[in-house]
*Asks:* 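The following block contains the structure, expressed as structure tokens.
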Amino acid sequence: MFRQFPRALGRALGGARRSFSTDLPAASTTDTTFVEAWKQAIPNIDPPKTPLFFMPSRPPIPSSIPSKLTVNFVLPYQCELSSKEVDQVIIPAMTGQMGVLPGHVPTITELKPGVLSVLEGNEVTKYFISSGFAFIHANSVTDVVVVEAVPLDHFDQSLVQKGLADFTQKLGTASTDLEKAESQIGVEVYSALNSAVTG
């Protein structure tokens, strides 16, 4: 019976295009296409819960571009910004510095060590981040999830330069692959941090 299930489910779906989460109405909490296909294929077993069951519905995409960008900036141990309305966020994406404004195209991007800047009017708040991801949604909401972040003005430039010199020396004397990888990560992070505090 279960060997036939994927084919039966595929026939029940009829090759119809699946909706993206942004295509669903705001009140939707289940994937109705999946549930209907499941019930046709296996009517005597309740369908499993899909991720949409557990996720709160996103606000609908506004008909016009809002004047502000809503930012959620989260670390594993705290929430730095929660639903903060700002003018722009500049993030250190793997492809380079990326400015995010209201109405930005939906994007998911990996972040590299560098400076995250939050622009609100004439105020600019800068954080040095180690790594993470940015989720830019179609409704002018951006979620930035990082492993570690420290306000840029908390760093001592002389200690940063000492750390860079230490890791550069360790990279030159590393004998194992693990030592080389750890030293290379240290050099990359301290190089980015040195550029941020001197620049």
*Asks:* Regarding S183 and E179, do their side chains bring together a donor and an acceptor under 3.5 Å, going by distance alone?
*Replies:* no
*Asks:* Tell me whether V115 shares a hydrophobic cluster with Y190, the cluster being built from Ile, Leu, Val, Met, Phe, Trp, Tyr side chains joined at under 4.5 Å.
*Replies:* yes
*Asks:* Would D166 and K162 pass as an ion pair if we require N to O under 4.0 Å?
*Replies:* yes
*Asks:* So how far is it from I91 CD1 to K112 NZ, rounded to the nearest 0.5 Å?
*Replies:*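 Going from CD1 on I91 over to NZ on K112, the span is 11.5 Å.
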*Asks:* Which heavy atom of S140 sits nearest a heavy atom of K68, and at what distance?
*Replies:*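 Smallest interatomic distance, heavy atoms only, reads CB-O, 4.3 Å.
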*Asks:* Out of curiosity, does L152 fall in the hydrophobic cluster containing V160 (side-chain heavy atoms, cut-off under 4.5 Å, transitive links)?
*Replies:*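 Yes; L152 is reachable from V160 via cluster members.
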*Asks:* Take S131 and L111 through the test side-chain contact (heavy atoms from CB on, under 4.5 Å) and record every step on the way to the result.
*Replies:* CA-CA 5 Å; S131 62; L111 304 177; 5.8 Å; no
*Asks:* Flag yes if more than 12 heavy atoms outside Q97 fall under 6.0 Å of its CD atom; otherwise flag no.
*Replies:* yes
*Asks:* So with a 6.0 Å cut-off around CG of D156, is the heavy-atom count from everything else above 12?
*Replies:*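 Check passes, neighbour count above 12.
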*Asks:* Quick one: OG on S130 to CD1 on I185, what's the gap to the nearest 0.5 Å?
*Replies:*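 Output value for this atom pair is 11.0 Å.
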*Asks:* Is there a side-chain contact (heavy atoms from CB on, under 4.5 Å) between Q88 and V100 once you walk through the steps?
*Replies:* CA-CA 6 Å; Q88 181 180 12; V100 181; 5.7 Å; no
*Asks:* Please say whether more than 12 non-hydrogen atoms of neighbouring residues, nucleotides or ligands are located less than 6.0 Å from CG in D153.
*Replies:* yes
*Asks:* Are F128 and P113 close enough that some pair of their side-chain heavy atoms sits under 4.5 Å apart?
*Replies:*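 SC-SC contact between F128 and P113 confirmed.
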*Asks:* So H104 and T107, do their side chains get closer than 4.5 Å, heavy atoms only?
*Replies:*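 SC-SC contact between T107 and H104 confirmed.
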*Asks:* Between NZ of K180 and CG of L178, what distance do you get to the nearest 0.5 Å?
*Replies:*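 K180 NZ to L178 CG: 11.5 Å, rounded to 0.5 Å.
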*Asks:* Run V118 and V124 through side-chain contact (heavy atoms from CB on, under 4.5 Å) and show every step you take.
*Replies:* CA-CA 6 Å; V118 180; V124 179; over 6 Å; no
*Asks:* Between K84 and E120, does any NZ, NE, NH1 or NH2 come within less than 4.0 Å of an OD or OE carboxylate oxygen?
*Replies:* yes
*Asks:* Quick one: do the Q78 and E80 side chains pair a donor with an acceptor below 3.5 Å?
*Replies:* yes
*Asks:* Same cluster or not: are V197 and V187 linked, directly or through other Ile, Leu, Val, Met, Phe, Trp or Tyr residues, by side-chain heavy atoms under 4.5 angstrom apart?
*Replies:* yes
*Asks:* Let me see the working for F73 and V146 under side-chain contact (heavy atoms from CB on, under 4.5 Å), right down to the final yes or no.
*Replies:* CA-CA 8 Å; F73 180 27; V146 300; 3.6 Å; yes
*Asks:* If you round to the nearest 0.5 Å, how far is CD of E188 from CZ of F167?
*Replies:*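 Result: 11.5 Å between the selected atoms.
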*Asks:* Look at the rings of F135 and H137 and say which category their plane angle falls in: under 30° parallel, 30 to 60° tilted, over 60° perpendicular.
*Replies:*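 Plane angle under 30°, so parallel.
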*Asks:* Considering non-hydrogen atoms only, spot the tightest contact between T109 and M98 and give its length.
*Replies:* CG2-SD, 4.2 Å
*Asks:* With rounding to the nearest 0.5 angstrom, report the CE to CD distance, M94 to E110.
*Replies:*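 With rounding to 0.5 Å, CE (M94) is 4.5 Å from CD (E110).
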*Asks:* Is there a path of hydrophobic side-chain contacts, each under 4.5 Å between heavy atoms of I, L, V, M, F, W or Y residues, that connects I129 with V189?
*Replies:* no
*Asks:* Are Y127 and I136 grouped together when hydrophobic residues (ILVMFWY) are joined by side-chain heavy atoms under 4.5 angstrom apart?
*Replies:* yes
*Asks:* Would you name the heavy atoms of S117 and K126 that are closest together and state the gap between them?
*Replies:*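 What the structure gives for the nearest pair is OG-CG, 3.7 Å.
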*Asks:* Quick one: does any side-chain atom of S195 pair with a main-chain N or O of L193 as donor and acceptor, under 3.5 Å?
*Replies:*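 Not confirmed, S195 side chain does not pair with L193 backbone.
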*Asks:* Is the shortest heavy-atom distance from the side chain of V89 to the side chain of T142 under 4.5 Å?
*Replies:*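 V89 does not reach T142 side chain to side chain.
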*Asks:* What distance do N72 atom CG and C79 atom SG have between them, rounded to the nearest 0.5 Å?
*Replies:* 6.5 Å
*Asks:* Of all heavy-atom pairs between Y77 and A149, which one has the smallest distance, and what is that distance?
*Replies:* OH-O, 4.1 Å
*Asks:* State, with a plain yes or no, whether a side-chain heavy atom of I90 is found less than 4.5 Å away from one of L119.
*Replies:* yes
*Asks:* For a quick test of reading the model, state the closest non-hydrogen atom pair linking W38 to I45 and the distance between them.
*Replies:*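 Closest approach of W38 to I45: NE1-O, 2.8 Å.
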*Asks:* Which heavy-atom pair separates P102 from L69 by the least distance, and what is that distance?
*Replies:* CG-N, 3.6 Å
